[in-house]
Amino acid sequence: MGKIILTGDRPTGRLHLGHFVGSLRRRVELQNSGLFDKIFIMIADAQALTDNADNPEKIRQNIIEVALDYLACGIDPTKSTIFIQSQVAELCELAFYYMNLVTVSRLQRNPTVKTEIQMRNFETSIPVGFFTYPISQASDITAFRATTVPAGEDQQPMIEQAREIARRFNGIYGETLVEPEILLPDNAACMRLPGTDGKAKMSKSLGNCIYLSDSSEEVRKRVMSMYTDPDHVRVEDPGKIEGNTVFTYLDAFCQPEHFAKYWPDYSSLDELKAHYQRGGLGDVKVKKFLYAILEELLTPIRERRKEWEKDIPAVFDILKRGSEAARAVAANTLADVRSAMRINYFDDAELIAEQARKFQG
Ligand code: TRP
């Protein structure tokens with residue numbers, strides 16, 4: 001069995017830098033590494049509907065935004081299969097069978113679901129579909145026999161539940177499903193990139209995101225107004241690095257070669273940090289450095305997006321063909337699942353013969 005990637009995003013908005021460092025950048029590297037036999041990238045519209053049932057138009061509008069962001073970042077449709085979750089009906093059937101393998105209390109303990117329920121103020125009116133989305137996510141992953149799920153830390157509990165479901169299924173019905181592993185970002189800043197206001201996470205509702213498709217000017221404004229150290233009032237004052245968003249972003253994006261290119265006064269991030277901590281280094285200079293780094297990263301992404309935007313029907317065609325290919329793979333796994341569960345009655349000559357014998361006495 002080969003190495004297979006499945007991962008995806010909910011189409012609730014354009015993708016931002018948090019998505020980029022948390023998973024997108026890694027996906028492109030893995031895609032181009034040649035180490036994987038198959039790569040599936042899913043636009044999780046059905047999952048997005050679990051808490052947007054009353055706003056399907058939002059999801060519908062964002063399918064193309066997410067697809068464009070993927071292509072702009074370098075996901076290559078000739079190497080990776082990009083598809084839309086709702087177009088693969090097999091995933092629902094798998095989820096329906098997996099539901100029997102998970103208890104309500106286990107779902108209630110899922111920390112990501114817990115936080116999301118709080119964030120959305122669902123209290124006692126939690127949609128069943130939302131509550132059970134970890135099970136549906138287990139279907140997404142196992143349908144493609146994914147060995148590897150590159151994702152952010154918040155997805156850890158989902159992967160853990162998928163592993164449990166696969167293990168339970170295999171224990172009861174025989175070895176059928178693959179237990180996936182999560183592939184987390186390799187640095188702490190990437191794991192949890194804060195919003196530009198220093199708040200926990202980038203989120204559209206907080207208005208603290210830098211989107212991959214933001215213009216140069218939008219990025220500049222966001223960087224220049226970033227949260228830093230509130231006690232670092234005068235340039236001479238010593239500054240704090242911890243909780244200083246600009247430095248967290250530098251941890252996530254700065255490479256040694258950026259110094260030679262954009263700020264030859266320093267030779268490493270450690271040196272820059274030490275100066276800031278000693279005092280005598282103003283926020284504006286550090287922000288300009290970060291802006292230069294982000295522009296270098298975002299300019300080609302923006303340009304590639306502009307190219308694809310000229311041919312939207314071609315993007316939909318990529319999604320359609322990807323969804324067809326994904327469906328064939330999921331159907332294959334579903335057939336194995338049905339036969340393991342012994343509900344493949346009409347393909348089971350042995351069952352028919354056995355029943356015939358039984359009734360002939
Ligand atoms: N839960 C993911 C998110 O919030 C989206 C997703 C759905 C996903 N199914 C998946 C991610 C399977 C990885 C694997 O964006």
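All values below come from the heavy atoms of this structure, side chains included, with hydrogens, waters and symmetry mates left out. Position 1 is the first residue of the sequence; numbering continues from there. Whatever order the structure lists ligands and atoms in, that order sets their numbers, starting from 1.
For Glu218 (side chain) and Ser215 (main-chain N/O), a donor-acceptor pair under 3.5 Å exists by modelled atom type. Side-chain atoms of Ser225 come within 3.5 Å of backbone N or O of Lys221 as a donor-acceptor pair.
Of all the atoms in ligand 1, the ones that sit under 4.0 Å from a non-hydrogen atom of Ala44 are 7 (C). Near Asp9, the atoms of ligand 1 lying under 4.0 angstrom from a non-hydrogen atom of the residue are 15 (O). Listed by atom number, the atoms of ligand 1 under 4.0 Å from Leu6 heavy atoms are 12 (C), 14 (C). Here is the list of ligand 1 atoms found below 4.0 Å of a heavy atom in Met42: 7 (C), 9 (N), 10 (C). Near Gln155, meaning under 4.0 Å from any of its heavy atoms, are these atoms of ligand 1: 1 (N), 2 (C), 3 (C), 4 (O). Near Val149, the atoms of ligand 1 lying under 4.0 angstrom from a non-hydrogen atom of the residue are 13 (C), 14 (C).
Ring pair Trp263/Tyr266 is perpendicular by interplanar angle, where above 60° counts as perpendicular and below 30° as parallel. Taking the six-membered ring where the residue is Trp, Phe259 and Phe289 present tilted rings, their angle falling between 30° and 60°.
Looking at Asp154 against ligand 1, nothing comes within 4.0 Å, counting heavy atoms.
For the pair Ala151 and ligand 1, no heavy-atom separation below 4.0 Å is found. Heavy-atom distances between Met158 and ligand 1 stay at or above 4.0 Å for every pair.
Using a 4.0 Å cut-off between charged side-chain N and carboxylate O, Arg338 and Glu93 make a salt bridge. Salt-bridge check for Arg10 with Glu116: passed, with a basic side-chain N closer than 4.0 Å to an acidic carboxylate O.
Looking at His275 and Glu271, their side chains never come closer than 4.5 Å, going by heavy atoms from C-beta outward.
The protein atom (non-hydrogen) at minimum distance from atom 7 (C) of ligand 1 is Gln47 NE2, 3.3 Å. Atom 8 (C) of ligand 1 has Gln137 NE2, 3.4 Å as its closest protein atom, hydrogens excluded (heavy atom only). The single protein non-hydrogen atom nearest to atom 9 (N) of ligand 1 is Asp140 OD2, 2.8 Å, given as residue, atom name and distance. Counting protein heavy atoms only, atom 4 (O) of ligand 1 is closest to Arg10 NE, 3.2 Å.
Annotation: cation-pi pair Arg14/Tyr211 present, NZ/CZ under 6.0 Å from the ring centroid and within 45° of its normal.
A pairwise comparison of heavy atoms in Ile39 and Gln31 identifies CD1-CA, 3.3 Å as the closest pair.
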